[in-house]
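Take a look at the structure set out below.
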Amino acid sequence: MQQLVDQPELDFQSEVYKDAYSRINAIVIEGEQEAHANYLKLAELLSENQDELIRLSKMESRHKKGFEACGRNLKVTPDMQFAQEFFAPLHQNFQKAAAEGKVVTCLLIQSLIIECFAIAAYNIYIPVADDFARKITEGVVKDEYSHLNFGEVWLKEHFEQSKAELEEANRQNLPIVWKMLNSVEDDARTLAMEKEALVEDFMIQYGEALSNIGFSTRELMRLSAYGITG
Ligand code: Y39
Ligand code: FE
Ligand code: FE
Ligand code: FE
C-alpha cells in the first residue's frame, strides 16, 4: 500500500519505535497464545465441532510463531508481563464462562470480540508495518476472518436461544475492549496506528458480525457502541 504523503517516515530501528513495539508485539503474541488455548477449550465444550476447533487452535499457534519472528526481526524483546495484564480481564471472563459451560459467552469473547479486535488491529497495521511483518500479518488476517466466521455461523444457527446470553456477555465484555484500546493508544500511535481508525474498523467488523448472526440494525447499533463513552 502507498504511504500517505503527510505520514512521517517510520524508523523501525529507532529506540522509540522498538520500545512501543515491545508492548504491541507482546500483546499480539499473548493474544495468539490465549486464542490457541481458548479454541482448545471451545473444542472441549462443542464436541460436534471438535475437529474444526482444534484446527483453528493450531492456526493460532502458527500466528504466535509468526509474530515472535516479527519481534526477533526488529531485535525487540516482547514485554510479556505487560501483555498478560492487558488481556487479564477478558481472559478471566472467558475462563469463568468456560467453567460454567457458557459456550455462547465464550464464543462472543473469542470468536466475535477478540477476532474483530485482531482484524481491526491487523488491517490498520499492514500499511504501516515493516516489510517482514507486513507479509506475516497479511497471511494471519485472512485466517482471522475464518475464525470470526466460525463464531458467526454457530451463533446464527443458535440465535434464538443465544440472544439473551449474547446481550449480557456483550454488556460485560465490550467496555473492557474500549479500556484495552485506551491503554495502548500511545504505543499504537508510535507505530502509526491511530486509535480512531482502530475503533472504526472494530465497530465495522463487530456490527457486521452481529448483523450476520441475526440482530436488527437497531439492536446491533446499541450493542456495538455499548460502554464506548463511559
Ligand atoms: O484470534 C486471534 O488471533 C486474536 C488473538 C489475536 C488478538 C490480537 C490482539 C491485537 C490487539 C492489538 C492492539 C494494537 C493496538
Ligand atoms: Fe491462561
Ligand atoms: Fe490468530
Ligand atoms: Fe483468531
Side-chain angles (χ1 to χ4, degrees), residues 17 19-43 49 52-71 76 78-80 82-91 93-94 106-129 133 136-154 173-174 176-203 205-206 209:
Y17 189 92
D19 175 59
Y21 205 81
S22 73
R23 287 178 292 278
I24 302 284
N25 182 233
I27 286 169
V28 170
I29 292 168
E30 176 67 20
E32 297 293 354
Q33 168 64 39
E34 292 190 17
H36 164 79
N38 291 351
Y39 281 113
L40 281 184
K41 179 52 82 176
L42 280 162
N49 301 97
E52 185 171 9
L53 286 162
I54 288 174
R55 193 174 62 83
L56 301 192
S57 89
K58 286 179 182 157
M59 295 162 91
E60 302 296 18
S61 289
R62 279 199 297 279
H63 298 169
K64 179 187 171 189
K65 292 199 181 81
F67 289 124
E68 285 171 337
C70 294
V76 166
D79 184 345
M80 297 312 297
F82 175 85
Q84 280 168 19
E85 286 163 17
F86 179 81
F87 271 107
L90 272 191
H91 185 64
N93 286 357
F94 183 94
C106 288
L107 282 172
L108 179 118
I109 294 173
Q110 174 60 48
S111 296
L112 301 190
I113 287 187
I114 298 181
E115 298 294 352
C116 286
F117 194 21
I119 289 167
Y122 300 160
N123 278 342
I124 302 301
Y125 177 54
I126 284 167
V128 293
I136 302 265
T137 310
E138 282 169 346
V140 168
V141 76
K142 291 197 187 84
D143 290 348
E144 307 302 3
Y145 281 106
S146 77
H147 303 171
L148 172 60
N149 186 255
F150 175 88
E152 287 174 354
V153 168
W154 195 95
N173 291 286
L174 203 59
I176 296 174
V177 172
W178 309 131
K179 289 198 190 99
M180 290 165 86
L181 268 170
N182 286 339
S183 78
V184 287
E185 180 178 0
D186 293 345
D187 286 332
R189 193 183 304 103
T190 301
L191 272 50
M193 299 163 71
E194 289 297 331
K195 183 189 158 191
E196 291 67 26
L198 291 163
V199 169
E200 181 181 297
D201 204 277
F202 176 87
M203 298 263 280
Q205 307 298 336
Y206 193 62

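Numbering of ligands and ligand atoms starts at 1, following listing order.
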Using side-chain heavy atoms (C-beta onward) and a distance below 4.5 Å, is Phe150 in contact with Asn49? yes
For atom 7 (C) of ligand 1, what's the nearest protein heavy-atom neighbour? Residue, atom name and distance, please. Ala118 CB, 3.8 Å
So, taking the atom named CD in Glu60 and the one named CG in Leu40, what distance separates them when rounded to the nearest 0.5 Å? 10.0 Å
Where ligand 1 meets Glu115 - atom numbers and elements under 4.0 angstrom, heavy-atom basis: 1 (O), 2 (C)
Closest to atom 12 (C) of ligand 1 among protein heavy atoms sits Ala121 CB, 3.8 Å
Top protein contact for atom 9 (C) of ligand 1, by heavy-atom distance: Phe87 CZ, 4.1 Å
Between Asp187 and Arg23, does the salt bridge (Lys or Arg N to Asp or Glu O under 4.0 Å) criterion hold? Intermediate values first, please. CA-CA 8 Å; Asp187 286 332; Arg23 287 178 292 278; 2.6 Å; yes
Is it the side chain, the backbone, both or neither of Glu144 that has a heavy atom closer than 4.0 Å to ligand 1? side chain
Ring pair (Phe, Tyr, Trp, His ring centres under 6.0 Å) against Phe202, all qualifying residues, sequence neighbours excluded: Trp178, Tyr206
Under the rule for ring pair (Phe, Tyr, Trp, His ring centres under 6.0 Å), what residues qualify as partners of Tyr122, not counting sequence neighbours? Phe67
Before giving the answer on side-chain contact (heavy atoms from CB on, under 4.5 Å), spell out for Glu32 and Val140 the whole-Å C-alpha distance, their side-chain angles and the decisive distance to 0.1 Å. CA-CA 10 Å; Glu32 297 293 354; Val140 168; 4.1 Å; yes
Proximal atoms of ligand 1 relative to Glu60 (non-hydrogen, under 4.0 Å): 1 (O), 2 (C), 3 (O)
What are the protein N, O or S atoms, given as residue plus atom name, that sit under 2.8 Å from the Fe ion (ligand 4)? Glu60 OE2, Glu115 OE1, Glu115 OE2, Glu144 OE1, His147 ND1
Side-chain touch Tyr125/Val28, heavy atoms, less than 4.5 angstrom: no
Work out whether the distance between some heavy atom of Tyr125 and some atom of ligand 1 is less than 4.0 Å. no
Which option wins on minimum heavy-atom distance to atom 11 (C) of ligand 1: Tyr39, Tyr122, Phe117? Phe117
List for me each residue that meets ring pair (Phe, Tyr, Trp, His ring centres under 6.0 Å) alongside His147, sequence neighbours excluded, and say none if there are none. Tyr39, His63
Tell me which part of Gln110 gets within contact of ligand 1: side chain, backbone, both or neither, using heavy atoms under 4.0 Å. side chain
Between Gln205 and Asn123, does a side-chain contact (heavy atoms from CB on, under 4.5 Å) hold up when you go through it step by step? CA-CA 11 Å; Gln205 307 298 336; Asn123 278 342; 3.8 Å; yes
Strictly below 4.0 Å, N to O, side chains only: are Glu185 and Arg189 in salt-bridge contact? yes
